[in-house]
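Both counts, for ligands and for their atoms, begin at 1 and track the order of listing. Remember, it's a predicted structure, so these values are computed and weren't measured experimentally. Because only heavy atoms are used, hydrogens play no part in the values below, and waters and symmetry mates are left out as well, while side chains stay in.
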Amino acid sequence: MTPAAGTDPVTAPPTHGAGRFAPSPTSSLHLGNLRTALLAWLWARSEERNFLLRIEDLDQQRVAAAPQVAREQLDDLARIGIDHDGPVLRQSERLEIYREYAELLETYECFCTRREIAEASQAPNGGPGAASWRPYPGTCAQLSSAERAELRLTRAPAIRVRSGVDAFTVDDAHAGRHTGPVDDFVLFRADGTPAYNLAVVVDDGLQGITQVTRGDDLLDSAPRQAWLAQQLGLPVPHYVHVSLALNADGQRLAKRDGAVCLSDLQAQGIGPTEVVRRLCRSAGLPEADDAPGVLAALEPGQLDNPLVWQPWVVD
Ligand code: GLU
C-alpha cells in the first residue's frame, strides 16, 4: 500500500534506527531549542542510533522573510558539537512525496473558516497544540458533490483525512502510554501546502526515525501522528517529549526574551562551551564543553532524570 520504492532517496532505514531534530527555520535557535536538540542527540547517540536533521520549511512565506535562518540553525548545532548522519532534508523539496502518501488516505474537502469551526465545536478540550484546540466537528464530512461544487466557486478547500476514530495511544519515555484525540485533521491547507502533521509523519517514516525526541508541547500531537503513520503503513516511532524552556514570566521562551541565542550570548562573551554547560545544568546532566563530551560522561539512566521533564526557567 506504500508508493513504489525508489521514489525517495532516503527510504532505506538505518541499521539501529535513528533519532532526529527537525527545526522550523523561522527564527534562530534559542536556549530551549538547543536544549531539546542536545537531548535528542544524546538520546539517539547513547542508544547507538543515527541522528538526522530535517528543516521543516513548508511555511514558505515565513521562510522567505528570513532565508538565512536554516543555515544559521545548522551552524549553531555544529557549534555545540551536534553532528548528524546523511544529508539534511528540506521539506520544501518533498511536496510530491507528501501528495503521493496522502493519496493512500480517505480524505474530503473542507471549506470551513477557523471562525466557523470555532463556532461549531464545543469548548476547548486540551487537545493537540494550543489551549484553544478543538476537534474538527465534521461540518464538511458529508457534503454532496453539488454542495462542494458550489462552495468551490467562492472558497478554496483544505483537505482533511476522514479518520473514523476518536483517539489513539502512543508510548512516551516519560508520559508512558499516552492517549490523545484524533479528529479529521487537515492534511493540506487551502493554499495547497502540506500540513505539518502529514509531512512530519511521512518524513519520520521514510527517514527510518525510530525515536522522536522533541518539546512536550507536541505530546498531544503524537497520537494523531502515530495513528497517521499506521494508516500509511509507516512504522510508529517511540516518543521522548522533554520539557520546554520558559522565560521568567513562565511563558515559553522566545527569541525576544533577551540574549537567548548563541550569537547574542557570544556578543556578551558567553561562548558555545559555556552554553553547553548551562544546558547540562538545566537538564541534570554531567557538564562538558560540547555534545560529544556530555555523551562521553553520561552514566546509564542519566537522561531519564527529573530535570529533563521539568520546565527549565531561563532567567
Ligand atoms: N518543526 C517543529 C518545530 O520546530 C518540530 C516538529 C517535531 O519535532 O515534530 O517546532
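For ligand 1, one of its N or O atoms has an N or O atom of Ala22 under 3.5 Å away.
Ligand 1 places these atoms under 4.0 Å from at least one heavy atom of Tyr196: 6 (C), 7 (C), 9 (O). Near Glu56, meaning under 4.0 Å from one of its heavy atoms, ligand 1 places the atoms 1 (N), 2 (C), 5 (C), 6 (C). Per-residue contacts place Arg20 under 4.0 angstrom from the following atoms of ligand 1 (heavy atoms of the residue considered): 7 (C), 8 (O), 9 (O). Annotation for ligand 1: atoms under 4.0 Å from non-hydrogen atoms of Val200 are 9 (O). Interface of Ser24 with ligand 1, defined as ligand atoms under 4.0 Å from a residue heavy atom, comprises 1 (N), 2 (C), 3 (C), 4 (O). Every atom of ligand 1 is numbered from 1 in the order shown, and the set under 4.0 Å from a heavy atom of Arg214 is 7 (C), 8 (O), 9 (O).
Ion pairing between a basic and an acidic side chain is recognised when a charged N comes within 4.0 Å of a carboxylate O; Asp290 and Arg79 show no such pairing. A salt bridge is absent between Glu103 and Arg99: the closest approach of a Lys/Arg side-chain nitrogen to an acidic carboxylate oxygen does not fall below 4.0 angstrom. Ion pairing of Arg152 with Glu109 is present here, as a side-chain N (NZ or NE/NH1/NH2) and a carboxylate O approach within less than 4.0 Å.
No part of Phe21 comes within 4.0 Å of ligand 1, judged by heavy-atom distances.
Asp172 pairs in a side chain to side chain contact (heavy atoms under 4.5 Å, CB included) with only one of the listed residues (Leu219, Asp216, Val212), which is Leu219.
No side-chain N or O of Gln91 forms a donor-acceptor pair with one of Asp57 less than 3.5 Å apart.
The shell of residues lying under 4.0 angstrom from ligand 1, judged by heavy atoms, excludes Gln225.
Among residues two or more places apart in sequence or in another chain, the salt bridge (charged side-chain N to carboxylate O under 4.0 Å, His left out) test is passed with Arg114 by none.
A ring-ring contact (aromatic ring centres under 6.0 Å, His included) check over residues 243-279, counting only residues at least two apart or in different chains, returns nothing.
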